[in-house]
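First comes the structure, then the notes that go with it.
Bear in mind the structure is a predicted one, so any value in this text is a computation, not a measurement. Each chain gets a letter, A, B and so on, in the order its sequence line appears, and its residues count up from 1. Hydrogens, waters and symmetry mates play no part in the numbers below; they use all other heavy atoms, side chains included.
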Amino acid sequence: MSSDAILEVQNLSVSFTRAGKEMKAVDDVSFTVGAGETLGLVGESGSGKTTIGRALLRLLPSANTTAKGSVRYKGQDLITLPSEDMRRMRDRLQMIFQDPLSSFNPRRNVEDIVAEGLVIQGKPASERKTRVQSALADVGFDIDLVAGRKPHQFSGGQCQRIAIARSLAVEPELIVCDEPVASLDVSVQAQVINLLQDIRENRNLALIFISHDLAVVKNVSDRVAVLYMGRIVEIGTGPQIYTRPAHPYTRTLLEAVPVVDATRKIEPDGKRTVMPSRNRPQGGCAFRSRCPRATDICAQVVPTLQPAPGGQMVACHHPHDEPAPGMAA
Amino acid sequence: MYSEATRPILSCAAMTCEMDSVSGPLQILQDINFTLAPRRALGIVGESGAGKSMLVKAIMGIAPKGLKTMGRIELEGQDLLALKPRDRARLIGRKVGIVFQNPMTSLNPFVQIGRQIEEAGCIHMGLSKAEARSRAIELLSFVGLPDPEDCYDYYPHQFSGGMKQRIMIAAALICQPDLLIADEATTALDVTVQKEVLDLLQTIQAERQMSMILVSHNLGVVAGRTDEILVLYGGNVVEYGPTAEVFRNPRHRYTEALLSAMPAMDQPAHTRLRTIPGQPPNLANRPAGCPFAPRCPSAQAICHEVMPPMSAGIHPDHRFACHFPLAELPRPAQQEVAHVQ
Ligand SMILES: Nc1ncnc2c1ncn2[C@@H]1O[C@H](COP(=O)(O)OP(=O)(O)OP(=O)(O)O)[C@@H](O)[C@H]1O
Ligand SMILES: Nc1ncnc2c1ncn2[C@@H]1O[C@H](COP(=O)(O)OP(=O)(O)O)[C@@H](O)[C@H]1O
Ligand code: SF4
Ligand code: SF4
Ligand SMILES: [Mg+2]
Ligand SMILES: [Mg+2]
């Protein structure tokens, strides 16, 4: 895998300083992404998904942030790259956000928004025009029909398509998609997911797809990384993670997915337990305060990623081995 | 006539809501009919703008100014639209508890949460300060907050999203309502927290023998947790029936399209999703016939001209408004509904 990886992240850690205290949002994370591959990044809110995405593209606020480790894109370390070179790197690496509208200048026309990256690259007007036209066509817009319109004249799903077109216009090799469908209705979500899949195939584009919706991640990803409190607790292919999840947290996530199957009437067990703590316990495994399998060693030794029987990597002293109940490949 | 035991807790008959606009009156909800029996759970689903929240607000009498509600809404046999606003508010306050999507807008950031929970109890139930306090603390522990006595004195910002939603549930329960309404109450939460809050709502509903309305744009949220489901599209009920039936055998073309647009956990990666072309209806310019006709691949000429009436298949409680419904599937030989967990 790593032989044809275009992105190699090694021991990435990100800390924020808030009110004089240092907070580790991303803790020693390593993964690779191959050309044309989609890596899904899942985890609950605050687990560090967005921070990883922003760290890769050096989009974190510099004032209170420290990033350590290495992020190699085709051999070049992005963390230490001079900012001038990093700007050029944005031709190849792009990011799209959950709320596209907030990343648009409301007074600009659609065609100018889509051309933003090309202007930064200093592309001549004639080339800009053809690239904008083809990027808009890729997301299903006819430039003659939308030219001159402003962002507020488009629906949420259309705005997300415009944001995708803006990323595509620079012809990137990798796009980090941060919750790109979270704010969209089911029918619009389906359009945007299909669109991303088409583009991925046609352009051999690599994607890092961040989402808390495990059904969406299953649909779009070749491999999946599960994050808990800033660390990768399990990483493997989609089928490995979904049919034979080894980490207790991955199972908790999977069991919580609302399934559209009304023949299975959900009966809560009636035990009304106190909310599990989401604070990081000191030392040992960060998940242990919520983990049904925790033992003494979990409080003492931080588990590191090890090969699991299913072939994926898991950071747990007592990983599951049995297939997940009711999951098909 | 209904006996006490079977009388619906809530019913809407020919309920229509209109709002004035520059282009004339907009019908935001059209001819809504349903009944909710005691101890049953109803799911209301539909995409953004379908009218889910307006329906809830119109029932509660908290709709925005200018909304005219016609038809009949009965709460435990009382005609709500015939009551004076003050009497209606008092009745609703005592009988119905509601939890909204965004606790930040429904909790006052400057007031300790214990006091906020008590408030309705003092107003509607005439509880004394001490009674209200002890009931608030009891409820905080009931919804699973650790150290309820300490929590009482905390302010909203000191809680996570999931905890705030639990506090909202506690506040909705103070008057011991007969009906609990949750409008997208778990939409902003992580899947794991969402499951905890939904489990809690369901457990409480069973224990307190309440009825419940679960509003969500996520079909998965209502699937295993409601007895009946109402599908809204452009302010119209397009399908209404027992939840298991509607999911097993959707008859309306929109319900079916919505279900197949969702990525499913049992599909392999990169499965192409079905999309619904076009846009939801513009209320200022409603199509004459079926509201789904401009987007429906099965539409015929009549669909564009005549509003399809609600009709039923073999299952008399399963109703849908479609001229060319999907075929009725044979019932599975094994009729037992499997129970999980
Ligand atoms: N204050 C208002 N004035 C005028 N029209 C309104 C108002 N509030 C809502 N509407 C309109 O009423 C219709 C139904 O809105 P409603 O808020 O009930 O949708 P919803 O189904 O709850 O959607 P969501 O899933 O986004 O919450 C929409 O067309 C909306 O634009
Ligand atoms: N600019 C920042 N300054 C301080 N803390 C931050 C900043 N951005 C994110 N954080 C914190 O880092 C942690 C991870 O956040 P984030 O990456 O946004 O999580 P996710 O995207 O998984 O929800 C959170 O605790 C968040 O509050
Ligand atoms: S290391 Fe221990 S506490 Fe952590 S997930 Fe594994 S079993 Fe649970
Ligand atoms: S009535 Fe006609 S247009 Fe409407 S859903 Fe049925 S087939 Fe489609
Ligand atoms: Mg995020
Ligand atoms: Mg709503």
Side-chain angles (χ1 to χ4, degrees), chain A residues 38 43-47 155-156 184-191 193-194 197 200-201 212-222 237-239 242 249 252-278 290 325-329, chain B residues 47-48 142-146 160-163 166 189-196 198-200 202-204 206-207 217-226 229 243-248 257-259 261-276 279 337-341:
Chain A
T38 301
E44 54 203 17
S45 117
S47 58
S155 70
L184 305 178
D185 265 319
V186 173
S187 63
V188 189
Q189 164 179 293
Q191 282 168 20
I193 289 175
N194 284 352
Q197 298 295 300
R200 183 187 59 89
E201 271 171 36
H212 64 270
D213 185 329
L214 276 85
V216 170
V217 168
K218 180 160 198 271
N219 184 287
V220 302
S221 308
D222 301 302
T237 66
Y242 282 90
Y249 176 61
T252 306
L253 278 181
L254 283 171
E255 279 157 19
V257 174
V259 187
V260 190
D261 178 1
T263 56
R264 295 204 301 174
K265 180 99 176 136
I266 299 166
E267 303 283 357
D269 51 20
K271 294 193 303 266
R272 234 186 354 268
T273 46
V274 173
M275 283 188 74
S277 163
R278 280 169 170 81
R290 292 167 66 183
M327 285 301 303
Chain B
E47 295 187 271
S48 182
F142 185 70
V143 296
L145 284 194
S160 70
M163 287 168 123
R166 286 171 188 254
L189 305 174
D190 278 321
V191 276
T192 49
V193 185
Q194 165 165 287
K195 178 176 187 297
E196 286 165 21
L198 289 171
D199 284 353
L200 175 70
Q202 230 183 331
T203 310
I204 294 174
E207 269 180 32
H217 70 283
N218 186 340
L219 295 158
V221 162
V222 303
R225 300 180 189 273
T226 56
I229 183 175
T243 308
E245 258 318 285
V246 173
F247 279 98
R248 184 185 74 86
L258 203 56
L259 281 168
M262 297 187 68
M265 290 294 274
D266 56 6
Q267 291 165 345
H270 310 306
T271 302
R272 215 171 163 73
L273 298 172
R274 224 178 89 189
T275 57
I276 308 176
Q279 307 279 325
V337 173
H339 287 250
V340 291
Q341 286 202 344

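A distance-only check finds no donor-acceptor pair linking the side chain of A:D185 to the backbone of B:E47 [under 3.5 Å].
With a 4.5 angstrom heavy-atom cutoff, A:I193 touches chain B only via side-chain atoms. In this structure, chain A has a heavy atom under 4.5 Å from the side chain of B:L259, while its backbone stays farther away.
A:A190 and B:A261 make their closest contact through CB-O, 3.6 Å (heavy atoms, listed as atom of the first residue, atom of the second, distance). Here the closest non-hydrogen pair linking B:A223 and A:V259 is CB-O, 3.5 Å. When every heavy atom of B:T192 is checked against every heavy atom of A:A256, the shortest pair comes out as CA-CB, 3.7 Å. Listed here is the closest heavy atom pair of B:A269 and A:S221: CB-O, 3.5 Å.
With values rounded to the nearest 0.5 angstrom, A:S187 atom OG is found 8.5 Å from B:Q279 atom CD.
At a threshold of 4.5 Å between non-hydrogen side-chain atoms, the residues B:H270 and A:N219 do not count as touching. Taking 4.5 Å as the limit, every side-chain heavy atom of A:K218 sits out of range of all side-chain heavy atoms of B:P263.
The residue among A:D213, A:V220, A:V188 with the most heavy atom pairs within less than 4.5 Å of chain B is A:V220. Ranked by heavy-atom pairs under 4.5 Å with chain B, the list A:T38, A:T252, A:D222 is led by A:D222. Chain B forms more heavy-atom pairs under 4.5 Å with one residue of A:H212, A:R200, A:Q189 than with any other, namely A:R200.
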How far apart are the C-alpha atoms of B:L273 and A:Q191, what are their side-chain angles, what is the distance that settles it, and do they pass the side chain to side chain contact (heavy atoms under 4.5 Å, CB included) test?
CA-CA 8 Å; B:L273 298 172; A:Q191 282 168 20; over 6 Å; no
Decide yes or no on side chain to side chain contact (heavy atoms under 4.5 Å, CB included) for B:R274 and A:N194, but give the supporting numbers first.
CA-CA 9 Å; B:R274 224 178 89 189; A:N194 284 352; over 6 Å; no
